[in-house]
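As the structure lists them, so they are numbered: ligands from 1, and atoms in each ligand from 1.
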Amino acid sequence: MPKAPALIGKLAETFVGRRARVLRTDRIAPDFLEVEFRADPPAGGWQPGHEVQVRATPTEGRRYNVRTVEASDRITILAVLHGDGPGARWLQRLHPGAETTLLAGRHVPLRLGGTRRLFIGDGSALGTLDAYASADVHAPAVVIETPSASVDQLRSRWPRYRFVPALADDPGATIRAWLDETLSREDRVEVDGALLLGHAQSIQGQRQALVSAGILDRRAITTRPYWATGRTGL
Ligand SMILES: Cc1cc2nc3c(=O)[nH]c(=O)nc-3n(C[C@H](O)[C@H](O)[C@H](O)COP(=O)(O)OP(=O)(O)OC[C@H]3O[C@@H](n4cnc5c(N)ncnc54)[C@H](O)[C@@H]3O)c2cc1C
């Protein structure tokens, strides 16, 4: 429901809306905001990776994912701050004590192929990738492209993940260069599954590179676009 009449948004809120209060906002890096909510749990309870939607305006919905579940009614999301779209403005308005509504149904986890996995994404996917990587006993390789000003702080916080700086106005270019270089190496690490999240056009290129290099079958690759050049609110 990226754009819907206010009445539809109100109806969705009635059926799947969870009352939420902001407990904490934390700028963990220049471009990243972590928000902790106390929020009524949906059926089945909150899960890491749970998809939530917010009514950023009465007619515009935006999606975010739960990164961590701290208690049955305490969750965090992690958002990359970019531009001044409705979602970005909704995030900037949050402050401790603020009341809001999170739209969420029962959690439907992403289906992942293989066990030796490669996770790739951009800043919009960091929270989701961390949720899935933290639950994955096989310790996947995680590569994330983020705004360059945030790279150092994110590396300190998540030393196990590889953070690469995004080029201004060319999303996905640094990851693509890393992927091409990695795929051409003799001693490359073999993987049998991949999760690609974030910028739609970049994901297409990454999947194509993995398949045409003979590394993975398309069915072993899970994709989920989170935003796209030329689009608002996927
Ligand atoms: C299932 C799902 C889960 C998601 N989970 C998260 C999450 O946990 N954390 C998170 O930060 N994001 C997440 N996103 C992405 C987020 O919903 C989008 O980035 C959304 O477009 C932001 O809304 P906005 O109103 O700020 O920008 P919009 O109004 O949608 O877009 C305004 C402009 O900004 C561009 N744009 C949109 N997103 C980005 C971006 N990330 N980087 C650079 N340019 C962008 C658009 O192409 C457009 O030109 C998720 C998306 C989906 C579909």
| Measuring from Arg155:CZ to Ile144:CD1, what's the distance to the nearest 0.5 Å? | 12.0 Å
| said: Any nitrogen or oxygen of Asn65, side chain or backbone, less than 3.5 Å from one on ligand 1? | reply: yes
| task | Would you mind checking which non-hydrogen protein atom is closest to atom 44 (N) of ligand 1, with the distance to 0.1 Å? | result | Trp227 CZ3, 3.4 Å
| query | Nearest protein heavy-atom contact for atom 10 (C) of ligand 1: which residue, which atom, what distance? | reply | Ser124 O, 3.3 Å
| field | Any Ala56 heavy atom less than 4.0 Å to ligand 1 | value | no
| said: Just to check, does Arg224 reach to within less than 4.0 Å of ligand 1 when the distance is taken from its heavy atoms? | reply: yes
| field | Arg117 side chain to Gly113 backbone, donor-acceptor under 3.5 Å | value | yes
| query | Hey, looking at atom 52 (C) of ligand 1, which of Trp90, Phe32, Tyr226 has the closest heavy atom? | reply | Tyr226
| Is it true that a side-chain atom of Asp192 and a backbone atom of Arg116 form a donor plus acceptor pair closer than 3.5 Å? | yes
| message | Using only atom types and a distance under 3.5 Å, with no angle test, would you say the side chain of Asp122 pairs donor to acceptor with the backbone of Gly198? | response | no
| Gly87 neighbourhood, listing ligand 1 atoms whose heavy-atom distance to it stays under 4.0 Å | 24 (P), 25 (O), 26 (O)
| message | Closer than 4.0 Å and a protein heavy atom, does any atom meet both conditions relative to atom 33 (C) of ligand 1? | response | no
| query | Counting distance only, does the side-chain N/O of Arg18 pair as donor-acceptor with the main-chain N or O of Asp40 below 3.5 Å? | reply | no
| Aromatic ring pairing Tyr132/His107, orientation class (parallel under 30°, perpendicular over 60°, tilted between) | tilted
| N/O separation below 3.5 Å, Pro225 to ligand 1 | no
| query | Taking both backbone and side-chain atoms of Val80, is any N or O found less than 3.5 Å from an N or O belonging to ligand 1? | reply | yes
| field | Protein residue, atom and distance nearest to atom 30 (O) of ligand 1, heavy-atom basis | value | Gly233 N, 2.6 Å
| request: List every atom of ligand 1 that sits less than 4.0 Å from any heavy atom of Ala228, numbering the atoms from 1 in the order shown and giving each element. | output: 47 (O)
| field | Heavy-atom donor-acceptor pair, Thr222 side chain to Arg111 backbone, under 3.5 Å | value | yes
| query | Does any N/O atom on His82 come nearer than 3.5 Å to any N/O atom on ligand 1? | reply | yes
| message | Is the ring pair Tyr161/Phe163 parallel, tilted or perpendicular, if the boundaries are 30 and 60 degrees? | response | tilted
| said: If we ignore hydrogens and angles and just use 3.5 Å, is the side chain of Thr68 paired with the main-chain N or O of Glu70 as donor and acceptor? | reply: no
| request: Please confirm whether the backbone N or O of Thr174 pairs with a side-chain atom of Glu145, one donor and one acceptor, at under 3.5 Å? | output: yes
| request: Before signing off on this row, confirm whether Leu234 and ligand 1 have an N or O atom pair separated by under 3.5 Å. | output: no
| query | So which protein heavy atom does atom 31 (O) of ligand 1 come closest to, and at what separation? | reply | Thr232 CG2, 3.9 Å
| Ala79 neighbourhood, listing ligand 1 atoms whose heavy-atom distance to it stays under 4.0 Å | 9 (N), 10 (C), 11 (O)
| Ser134 side-chain N/O to Ala131 backbone N/O, donor-acceptor pair under 3.5 Å | no
| message | Check the orientation of Trp227 and His82. Use parallel for under 30°, tilted for 30 to 60°, and perpendicular for over 60°. | response | parallel
| query | Just which atoms of ligand 1 are under 4.0 Å from any heavy atom in Glu51? | reply | 1 (C)
| field | Short N or O distance, Thr229 and ligand 1, threshold 3.5 Å exclusive | value | no
| Does Gly127 have a non-hydrogen atom less than 4.0 Å from ligand 1? | no
| request: Could you tell me the residue and atom name of the protein heavy atom closest to atom 4 (C) of ligand 1, and the distance to it rounded to 0.1 Å? | output: Arg63 O, 3.4 Å
| query | Does at least one non-hydrogen atom of Leu78 fall below 4.0 angstrom from an atom of ligand 1? | reply | yes
| task | Please determine if Glu99 and Arg19 form a salt bridge, counting it only when a charged side-chain N lies under 4.0 Å from a carboxylate O. | result | no
| Out of curiosity, is Gly83 lining ligand 1, as in a heavy atom under 4.0 Å away? | no
| task | For atom 26 (O) of ligand 1, grab the closest protein heavy atom and report residue, atom and distance to one decimal in Å. | result | Ala88 N, 3.0 Å
| query | Does the Trp46 side chain pair with the main chain of Ala39, one donor and one acceptor, at a distance under 3.5 Å? | reply | yes
| field | Other residues, nucleotides, ligands: >12 heavy atoms within 6.0 Å of Arg24 CZ | value | yes
| To the nearest 0.1 Å, how far is atom 46 (C) of ligand 1 from its closest protein heavy atom, and which atom is that? | Arg231 O, 3.2 Å
| note | Closest heavy-atom approach to atom 29 (O) of ligand 1 among Arg89, Arg62, Arg67 is made by Arg62
